[in-house]
**Q** 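I'd like to ask some things about the structure below.
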Amino acid sequence: MMDLKLWGCALLFPLQIFLCVLRAAVRFLLPPRRKDLGTDVVLVTGGGRGIGRHLAKEFAKQGAKKVILWGRTEKCLKETCEEISAAGTECHYFVCDVGNREEVYQQAKVVREKVGDVTILVNNAAVVHGKSLMNSDDDALLKTQHVNTLGQFWTTKAFLPRMLELCHGHVVCINSILSLSSIPGAIDYCTSKASAYAFMESLTLGLLDCPGVDCTTILPFHTDTEMFQGMRVRFPQLFPPLNPEMVAQRTVDAVRTNTAFVVLPWTMHFIVALKSLLPQSALEEIHKFAGSYTCMNTFKGRT
């Protein structure tokens, strides 16, 4: 009997895969249904500046009930909070270093008491030191891993349980295409983002049987913010930096349509495909041609 059941599953498997591909194609061609954010409380880490600032403003613009900002610089948090509040959306900010586990858990408790349950968590906070391994300070390397990777463990552990109780929630990760295709000169950042990608991939699969709770991972190319200031690609006309406002808009739209993974721009999908097909020597030539080997030589972004 067991053998018959296994054979039945094996025969149905290709049909299931075909239906998944068909649904994805239909979803690509037809406008998907977008969920309303009117009851959601959104928390954005690194929400005072850069992509985080645009994310907070876009969630507010798209109708979120409340927006909460976390970050390390109170001045930036306060300015963004005032701007969002002036536009008509309730907004709060809390100084919090997501790389500090105890601080995350403490501030998460304060948020629940003062604002309410977070239903959309946006893990956006990140740092980059932009150096090779041998030129990197050990403490700087640890800081990148604590903020970019472990910070997502702490924030998700702090807020996901309540989402599961409510059967309503969304965990978002602003990652990077560098998690799938690394470059020299940013070994700390690439490693941390690859770890964060694996974290979100595992979390997304782990929540498949949890109705009402979803995940979204955004994988953008180099974005025009002060974080990567000075980074230069060889052909900027072909590979221009992304507008952070556009990244924010695409992120909020992905949340509203329950899209699990978004690569920006879509042409970056070719990188993933080429890495699976071409030998290492060919990939090295592509990196040389695109200027990936030297793009961080002029880096002077913030950490």
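Starting from 1, each residue takes its place in the sequence as its number. Remember, it's a predicted structure, so these values are computed and weren't measured experimentally.
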**Q** Measuring from F199:CZ to S192:OG, what's the distance to the nearest 0.5 Å?
**A** 13.5 Å

**Q** Check whether T89 reaches the backbone of S85 with its side chain - one donor and one acceptor, N or O, closer than 3.5 Å.
**A** no

**Q** Can you tell if the side chain of H170 reaches within under 4.5 Å of the side chain of T119, non-hydrogen atoms only?
**A**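 In short, these two side chains do not touch, never coming nearer than 4.5 Å.
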
**Q** Answer whether the closest heavy-atom distance between the side chains of V127 and R72 falls below 4.5 Å.
**A**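 Yes, at least one pair of side-chain atoms sits under 4.5 Å.
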
**Q** Other than L205, what residues sit in its cluster of Ile, Leu, Val, Met, Phe, Trp and Tyr side chains whose heavy atoms are under 4.5 Å apart, directly or through others?
**A** L208

**Q** What is the minimum heavy-atom distance between G50 and T225, and which atoms define it?
**A**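 In terms of heavy atoms, the two residues are closest at CA-CG2, 4.3 Å.
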
**Q** In chain order, what residues pass the salt bridge (Lys or Arg N to Asp or Glu O under 4.0 Å) check against E165, with sequence neighbours excluded?
**A** R162

**Q** Nearest heavy-atom pair of K65 and T39: which atoms, and what distance?
**A**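 Shortest heavy-atom separation between K65 and T39 comes out as CB-C, 4.1 Å.
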
**Q** Quick one: does T223's side chain have a donor or acceptor within less than 3.5 Å of a partner on P244's backbone?
**A**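 Side chain of T223 to backbone of P244: no pair is present.
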
**Q** Less than 4.5 Å apart, any side-chain heavy atom of Q62 and any of V255?
**A**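 Side-chain contact under 4.5 Å: no.
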
**Q** Is a donor on one side and an acceptor on the other found under 3.5 Å between the side chain of T251 and the backbone of V247?
**A** yes

**Q** Roughly how far, to the nearest 0.5 Å, is the CG atom of N123 from the CD atom of Q152?
**A**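 Reported value, rounded in 0.5 Å steps: 4.5 Å.
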
**Q** Should V118 and M200 be counted in the same cluster of Ile, Leu, Val, Met, Phe, Trp and Tyr side chains packed under 4.5 Å apart?
**A**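 Yes; M200 is reachable from V118 via cluster members.
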
**Q** Suppose we screen for side-chain hydrogen bond (donor to acceptor under 3.5 Å, both in side chains). Which residues come up paired with S179, at least two apart in sequence or across chains?
**A**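 Result, side-chain hydrogen bond (donor to acceptor under 3.5 Å, both in side chains) vs S179: N175.
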
**Q** Do the non-hydrogen side-chain atoms of K61 and E58 ever get within less than 4.5 Å of each other?
**A** yes

**Q** State whether the side chain of N124 and the backbone N or O of G46 hold a donor-acceptor pair below 3.5 Å, judged by distance alone.
**A**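 Between the backbone of G46 and the side chain of N124 there is a qualifying donor-acceptor contact (under 3.5 Å).
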
**Q** Just checking, any donor-acceptor pair under 3.5 angstrom between side chains of T259 and T257?
**A** yes

**Q** Does D137 have any salt bridge (Lys or Arg N to Asp or Glu O under 4.0 Å) partners at least two apart in sequence or in another chain, and if so, which?
**A**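 Result, salt bridge (Lys or Arg N to Asp or Glu O under 4.0 Å) vs D137: none returned.
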
**Q** With the threshold set at 4.0 Å, does a side-chain nitrogen-carboxylate oxygen contact exist between D188 and K131?
**A**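 Salt bridge flag = no for K131 with D188.
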
**Q** Take L164 and L207 through the test side chain to side chain contact (heavy atoms under 4.5 Å, CB included) and record every step on the way to the result.
**A** CA-CA 9 Å; L164 294 173; L207 292 175; 4.0 Å; yes

**Q** Would the distance check show the side chain of T80 and the main-chain N or O of L77 forming a donor-acceptor pair, the cut-off being under 3.5 Å?
**A**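 Pair absent, no side-chain N/O of T80 close to backbone of L77.
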
**Q** To the nearest 0.5 Å, how far apart are OH in Y189 and OG1 in T144?
**A** 10.5 Å

**Q** Determine the minimum heavy-atom distance between G169 and M163, stating which atoms define it.
**A**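 Looking at all heavy atoms of both residues, the closest pair is CA-SD, 3.7 Å.
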
**Q** Look at atom NZ of K35 and say whether more than 12 heavy atoms of other residues, nucleotides or ligands are closer to it than 6.0 Å.
**A**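 Above 12, so yes.
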
**Q** Are the side chains of D117 and V41 in contact, using a 4.5 Å heavy-atom criterion?
**A** no

**Q** Can you give me every donor-acceptor pair (side chain of residues 264-291, partner residue at least two apart or in another chain, under 3.5 Å) with its distance?
**A**
residue	atom	partner	partner atom	Å
K275	NZ	L180	O	2.7
S276	OG	V272	O	3.2
H287	ND1	S292	OG	3.3

**Q** Once side-chain hydrogen bond (donor to acceptor under 3.5 Å, both in side chains) is applied, do any residues pair with E245, and if so which ones, sequence neighbours excluded?
**A**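 Not a single residue meets the side-chain hydrogen bond (donor to acceptor under 3.5 Å, both in side chains) criterion with E245.
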
**Q** Applying side-chain hydrogen bond (donor to acceptor under 3.5 Å, both in side chains), can you list everything that pairs with H54, at least two apart in sequence or on another chain?
**A** none

**Q** Hey, what do you get for SG (C210) to NE2 (H168), rounding to the nearest 0.5 Å?
**A** 15.0 Å

**Q** With sequence neighbours left out, write down each residue that passes ring pair (Phe, Tyr, Trp, His ring centres under 6.0 Å) with Y197, or none if nothing qualifies.
**A**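 Checked Y197 against ring pair (Phe, Tyr, Trp, His ring centres under 6.0 Å); matches are F261.
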
**Q** Can you see which heavy atom on T204 is nearest to which on A260, and at what distance?
**A** CG2-CB, 4.4 Å

**Q** Connecting only ILVMFWY residues whose side-chain heavy atoms lie within less than 4.5 Å of each other, what is the rest of L133's hydrophobic cluster?
**A** M134, L141, I187

**Q** Are side-chain heavy atoms of L55 and V42 found at a separation under 4.5 Å?
**A** no

**Q** Would a hydrophobic clustering, with Ile, Leu, Val, Met, Phe, Trp and Tyr connected at side-chain separations under 4.5 Å, put V44 with I51?
**A** yes

**Q** Could you work out, with ring pair (Phe, Tyr, Trp, His ring centres under 6.0 Å) as the rule, every residue matching Y93, not counting sequence neighbours?
**A** none

**Q** Measure across I218 and P220 and return the closest heavy-atom pair with its distance rounded to 0.1 Å.
**A**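 Closest approach of I218 to P220: O-CD, 3.3 Å.
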
**Q** I need the minimum non-hydrogen distance between R112 and A158, along with the two atoms involved.
**A**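 For R112 versus A158, the nearest heavy atoms are NH1-O, 3.1 Å.
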
**Q** If a pair satisfies side chain to side chain donor-acceptor pair (under 3.5 Å) and one of its residues is in residues 94-107, list it, with sequence neighbours excluded.
**A** none

**Q** Using the side chain to side chain contact (heavy atoms under 4.5 Å, CB included) rule, take W70 and V104 through it: C-alpha gap first, then chi angles, then the decisive distance, then the call.
**A** CA-CA 10 Å; W70 273 13; V104 168; 4.1 Å; yes

**Q** Assigning hydrophobic clusters by single linkage (Ile, Leu, Val, Met, Phe, Trp, Tyr; side-chain heavy-atom cutoff under 4.5 Å), is V95 placed with L43?
**A**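 Each belongs to a different hydrophobic cluster.
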
**Q** Atom CG of L69 and atom SG of C96: how far apart are they, to the nearest 0.5 Å?
**A** 12.0 Å

**Q** Taking the side chain as everything from C-beta on, heavy atoms only, tell me whether V252 gets closer than 4.5 Å to L37.
**A** yes

**Q** Consider only side-chain heavy atoms of I, L, V, M, F, W and Y, link residues closer than 4.5 Å, and tell whether I84 and V111 are in one cluster.
**A**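 No; V111 is not reachable from I84 via cluster members.
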
**Q** Which value, rounded to the nearest 0.5 Å, describes the distance between C91 atom SG and E82 atom CD?
**A** 10.0 Å

**Q** Using the side-chain hydrogen bond (donor to acceptor under 3.5 Å, both in side chains) criterion, which residues pair with T45? Sequence neighbours excluded.
**A** none

**Q** Less than 4.5 Å apart, side chain to side chain, heavy atoms only: is that true for V147 and V98?
**A**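 Yes, close enough: below the 4.5 Å cut-off.
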
**Q** Using the rule that two of Ile, Leu, Val, Met, Phe, Trp, Tyr join whenever any of their side-chain heavy atoms come within less than 4.5 Å, decide whether V171 and W154 are in one cluster.
**A**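 Hydrophobic grouping puts V171 with W154.
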
**Q** Keeping D214 on the side-chain end and N258 on the backbone end, is there a donor-acceptor pair under 3.5 Å?
**A** no

